[in-house]
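See structure below.
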Amino acid sequence: MTIQQLKYIVALDEERHFARAAEVCMVTQPGLTIQLKNLEEEIGIKIFDRNKVPLTPTLLGTEIINKAKKILREADEIRDFVVNEKNLLEGELKLGIISTLSPYLIPLFIKAMKEAAPKVHFIIRESNTGQLMKDLETGALDVVIMATPTGNPNLIEHPIFKEPFVAYLNELHPMADHDFYELQPGDKTELLLLHHEFCYNAQLLDICGLKNSDKIKEQFTYDISSIETLKNLVRAQLGFAIIPQLSILNEATSKLFKPFKEPIPVREISLVVSDSFSKKLLLEKMNEAIWNCLPDSLKKDFAYRKIRWNDSPYFVKAVSKYM
């Protein structure tokens, strides 16, 4: 017994005619007839007396039709409840974010979300990529802001923007007086990496054309988890760093960072959820809030367009010329 079969017998009761009921249900008449026959055989009761004109329900058929109407009303209530829950901008949301983005984006994001969804209470956790993906799969987190693609088939990624990397140099670096940075042979052995940020480090190694980090900084082993620490090491002439553009947001006048010459390396930043997450409207609000709080210097090379998710406008995606 299916919801669709119940819809068919209710339509037959209302129309009292197979052809008209089939038209109302947008199905062929033979298809509707077969479904009615299948239902009657399953329950062992004739619902309609086909010998009467117009078509008339049997005594038990009338009771079954009345119950079908009640079930269909309750099914509609479930659908309305789900739609309302998806669009509800209230309650608690557990949000994770990668540590290389959190210090720079979260202060801007929180201010924007207070205006967009004032009744949502955000519990924010900063961690590394591996732990955040694990927490999403176990349900410890609802949404994560992180670099993608994750390569995890159990997670759904909704890209927001692409963040360029910049080179962070000390004042004695041979490229310090140049407008743009080009990788120097000596920089490969001076590259500073972050502890436990395997995906982030892999991007940096790829930018520098390195297969692994075994020969980097042989004299010292840095167990660092903060981009700010990397920047201080560079200032102290203890290495070279490649960092995300948002991390130099408050250093507009500094001469220590240099943009790369094209092709400019970037990382994609996305909202990532499990495949069971349903609060589409909240994700849309988060996406818009993040985009709106980005500095113009980061948005200027992006086109702004809406993407549809399933049957409704969902999220705004930034498309970079660097893609």
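What's counted below: heavy atoms across the whole structure, side chains too, no hydrogens, waters or symmetry copies. A quick note: this is a predicted structure, and the numbers were derived from the prediction, not measured.
To the nearest 0.5 Å, atom CD1 of residue I97 and atom CZ of residue F109 are 8.0 Å apart. Interatomic distance, Q131 CD to D135 CG, rounded to the nearest 0.5 Å: 4.5 Å.
The backbone N or O of R235 sits nowhere less than 3.5 Å from a side-chain atom of Q237 that would complete a donor-acceptor pair. Panel note: side chain H173, backbone M175; a donor-acceptor pair is recorded below 3.5 Å. Judged by distance alone, the side chain of K231 and the main-chain N or O of S247 form a donor-acceptor pair under 3.5 Å. The backbone N or O of I98 sits nowhere less than 3.5 Å from a side-chain atom of S102 that would complete a donor-acceptor pair. In this structure a side-chain-to-backbone donor-acceptor pair under 3.5 Å is missing from T58 to D49. Formation of a donor-acceptor pair under 3.5 Å by the T150 side chain with backbone atoms of N152 is found in this model.
Heavy-atom neighbours of E23 CD from other residues, nucleotides or ligands within 6.0 Å: at or below the threshold of 12. Counting non-hydrogen atoms of other residues, nucleotides and ligands closer than 6.0 Å to CD of E228 gives a total above 12.
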(Q) Could you walk me through whether R16 and D13 satisfy the salt bridge (charged side-chain N to carboxylate O under 4.0 Å, His left out) test, starting with their C-alpha distance in whole Å, then the side-chain angles of each, then the deciding distance to 0.1 Å, before giving a yes or no? (A) CA-CA 5 Å; R16 302 296 174 96; D13 179 55; 3.1 Å; yes
Q: Before giving the answer on side-chain hydrogen bond (donor to acceptor under 3.5 Å, both in side chains), spell out for E137 and N154 the whole-Å C-alpha distance, their side-chain angles and the decisive distance to 0.1 Å.
A: CA-CA 7 Å; E137 290 189 288; N154 299 319; 2.9 Å; yes
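No single ILVMFWY cluster, assembled from side-chain heavy atoms under 4.5 Å apart, contains both M146 and I123. Residues M1 and I34 fall into different hydrophobic clusters, defined by Ile, Leu, Val, Met, Phe, Trp and Tyr side chains chained together at heavy-atom separations under 4.5 Å.
No side-chain donor-acceptor contact under 3.5 Å links R50 and T56. Side-chain atoms of E268 and T148 form a donor-acceptor pair, as typed in the model, at a separation below 3.5 Å. Donor-acceptor pairing under 3.5 Å is lacking for the side chains of Q245 and E163. Looking only at atom types and distance, the side chain of S274 has a donor-acceptor partner in the side chain of S276 under 3.5 Å away.
Using a cutoff of 4.0 Å between basic side-chain nitrogens and carboxylate oxygens, D179 and K258 are not scored as salt-bridged. Between E63 and K69, no side-chain nitrogen of the basic residue sits less than 4.0 Å from a carboxylate oxygen of the acidic one, so the salt-bridge criterion is not met.
Taking the six-membered ring wherever Trp is involved, the centroid distance between the rings of F260 and Y181 falls below 6.0 Å.
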